[in-house]
Every structure is written in structure tokens, then in C-alpha cells.
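Quick notes on the structure that follows.
Nothing here was measured: the structure is a model prediction, and the numbers come from that model. By convention here, the first residue in the shown sequence is residue 1. First listed ligand is number 1; within each ligand, the first listed atom is number 1.
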Amino acid sequence: MSIQNELKSRYNLNSQPNIIAVTKTFPMDIVKPLIEHGHTHYGENKVQEAVTKWTDIKKNNKNLRLHMIGKLQTNKVKYVVPLFDYIHSLDNIKLAEKIAHEQKKKDKRLKIFIQVNIGEESQKSGVSEFELGEFYNQCINNFGLDIVGLMCIPPAKEDMNGYFSLMSELGKKLDLKQLSMGMSSDYLQAANHGATFIRIGSKIFGNRS
Ligand SMILES: *Cc1c(COP(=O)(O)O)cnc(C)c1O
């Protein structure tokens, strides 16, 4: 069953989330049929790989939207702003400042998600839920970023419902419309908690080697 049909039949959703096809590690000859089919949203987690794979294809397909979903170093921002349309991994103020600086230079504004460390895991990136309000205010007031929503990668365990429901609450508190959550293993739960973007790799393209 397709992801879209599964979402439709499992839950009585008012609106279906956008599917970001996560193409990291997959060569473009595997991705191209999906582009030709008309799919819009694609995700990559490494800047250099994305530049190599997507620069030409994006020039020739103006309706494609590219999402940076991986950890982003400030020295790579200059490559991200021209190529990508969304950043899902804003997690520190230095990065916010750098994005603002590059956007001004290139006269382009990306749509940005703040990554929340929803499980408060020391090894994971993301802003703590307790610092989120202050962080959001700084992004808006000091840097004028277009913050559209929140993103998370929850701890790997069986039941994600608690994390997804907390994400939904945090988003509502800040009046943010978009929620980027849910991957191949948990997108149904994420959708049920109001995800507007789900990020799917292996369920579409198969296992990554
Ligand atoms: C790789 C990746 C995904 C997709 O993972 P799958 O389990 O293959 O669906 C989603 N989000 C992020 C941030 C990723 O790095």
C-alpha cells in the first residue's frame, strides 16, 4: 500500500502531511522517476552531496523543493542558502545569525524549522523545550528569520506518541503552523499528531547500504 493510501485509511485526517522523499545516499537515477512522476519535496542531510546531486536538476525543475534535514555547520550555510528551500535543523544562535547573514547577501529567504531535542538526549542536536520560547524570539526579533515550524528526531523506542504530542503542544504555544516529524518507522503516529511534513527515506527507496 502506498504511504498516501495508508495515511488515508488508517486515520481520518483533515489534511495529509507533505511527504519529503529523503534521498540521502541514493544516486539520482533512482530518484529521477519520482521527479518525473511529479513529486515535489526532497530531503538531504549532507550539504556537499546535495550540491552535487541537485544543483542542475533544480535549475531545470523550478517546482522542486529541497529540504536540509541534517546537522548544519555554519561554514556550509553559504552553499545551503542558494540551493535549498527549507532548513529543518536550526539548533543554535550562531547558526541563526549565519543564515540571516547569507540570506541578506543572496537576497533569498528560506523557510526554517527549529529542531527540538524532544527527548532531551545529550547526544542529539536540538533546542531544549525549556529554551525554545527564548530561542524562537531571538530568531524572529534579532535575525528576522522565517520560522515556519518545529522539527524533531525522537529517541528510538516503541512509542513515539508522547513525543509527537508534546511537539504539537509546543508548536501551538508559539502559533507555528508546520511540524516536521515522522520517518519510515513512525510516520503514521506522527501524522496522527498533526505532522505537516513527514520525512521518508527507506520506505520509498529501500534500505541504505
Ligand atoms: C535519514 C533521515 C530520515 C529518513 O529516515 P528513514 O528511516 O529512512 O525514513 C528522516 N529524517 C532525518 C533527519 C534523516 O536523517
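Counting only residues at least two apart or in different chains, side-chain hydrogen bond (donor to acceptor under 3.5 Å, both in side chains) contacts with residues 77-92 comprise Lys58-Asp85, His67-His88, Lys71-Asp91, His88-Ser180.
Not counting sequence neighbours, the partners of Glu49 by the salt bridge (Lys or Arg N to Asp or Glu O under 4.0 Å) test are Lys53. Take Lys32 and apply the salt bridge (Lys or Arg N to Asp or Glu O under 4.0 Å) test, not counting sequence neighbours, and it matches no residue.
Salt-bridge annotation for Asp175 and Lys177: present, with a side-chain N of the basic residue lying under 4.0 Å from a carboxylate O of the acidic one. Salt bridge absent: Glu97 and Lys94 never bring a charged side-chain N and a carboxylate O closer than 4.0 Å.
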Item to check | Intermediate values then yes/no, salt bridge (charged side-chain N to carboxylate O under 4.0 Å, His left out), Glu169 and Lys172 | outcome: CA-CA 5 Å; Glu169 271 176 46; Lys172 277 188 194 131; over 6 Å; no
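The residues lining ligand 1, counting any heavy atom closer than 4.0 Å, are Val22, Lys24, Ile69, Ile153, Met183, Ser184, Arg199, Ile200, Gly201, Ser202, Arg208.
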